[in-house]
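Starting from 1, each residue takes its place in the sequence as its number.
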Amino acid sequence: MKPEARLYQLVKKQFSNIIWTRLENSIVAGVPDLLGYNKKGYFFTLELKVTKRNSVRFSPHQIAFHKLHPKNSFILVQSLAPRCLKLYEGSQILELVACGLKLDACGFGDSPKNFRCLGLEACRLRLEAVGPLSNAEALSLA
């Protein structure tokens, strides 16, 4: 099983309060791996990435998707060395490309003990909190 497939299995198991749809899309390049639907009734996307380095690789299409859809899009990065799990908002994609895993994340777990617990819990809580845009956010998208 590929590393991203293993990460998907972990997400599906640990984020059970969220309904997941795997988007296997070979027609529209750059579409994230998962569509999530939380108990508040909101959809969001989640791109899964696994890396052995500080850097995270994205295709130009993935970058474009997150630039065009900055709200309710997320990137979950599993680093294998050092072992950590970080959740980023889609709006951070250019900073993530430039800074790699040095960039502050909105959900984070960095020790082997916390890797599957605290990191996933922080990420789960953030994704479950996805909700309506504020008036200022809605106006900025118009």
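- In this structure, Y42 is a member of the same hydrophobic cluster as L46, with clusters built from ILVMFWY side-chain heavy atoms closer than 4.5 Å.
- Annotation: the span from K52 atom NZ to S79 atom OG amounts to 11.0 Å, rounded to 0.5 Å.
- Side-chain contact check for E89 versus P70: every heavy-atom pair is 4.5 Å or farther apart.
- Atoms CZ and CG, on R57 and L96 in that order, are 13.5 Å from each other to the nearest 0.5 Å.
- Summarising the geometry of K102 relative to N54, their closest heavy-atom pair is N-OD1, 3.3 Å, with the distance given to 0.1 Å.
- Looking at Q78 and K49, their side chains never come closer than 4.5 Å, going by heavy atoms from C-beta outward.
- The residue from V56, V77, I93, D33 that alone fulfils the side-chain contact (heavy atoms from CB on, under 4.5 Å) condition with E47 is D33.
- Counting heavy atoms from C-beta on, the side chains of Q9 and R6 never come closer than 4.5 Å.
- Summarising the geometry, atom CG belonging to L23 is positioned 8.5 Å from atom OG1 belonging to T45; distances are rounded to the nearest 0.5 Å.
- Inter-residue side-chain proximity for Q92 and L103 is flagged as met; some heavy-atom pair is nearer than 4.5 Å.
- For the atom pair N72 CG and S91 OG, the distance stands at 10.5 Å (nearest 0.5 Å).
- The only option from F43, Y37, Y8, F44 that meets the ring pair (Phe, Tyr, Trp, His ring centres under 6.0 Å) definition with W20 turns out to be F44.
- Here the side chains of L48 and R22 are in contact, with some heavy-atom distance below 4.5 Å.
- Y88 has its side chain within reach of L101: a pair of non-hydrogen atoms, C-beta onward, lies under 4.5 Å apart.
- Under the 4.5 Å side-chain contact rule for hydrophobic residues, L87 and I18 share a cluster.
- I75 approaches G90 most closely through the heavy-atom pair CD1-CA, 4.4 Å.
- F65 and L76 fall into different hydrophobic clusters, defined by Ile, Leu, Val, Met, Phe, Trp and Tyr side-chain heavy atoms under 4.5 Å apart, directly or through other members.
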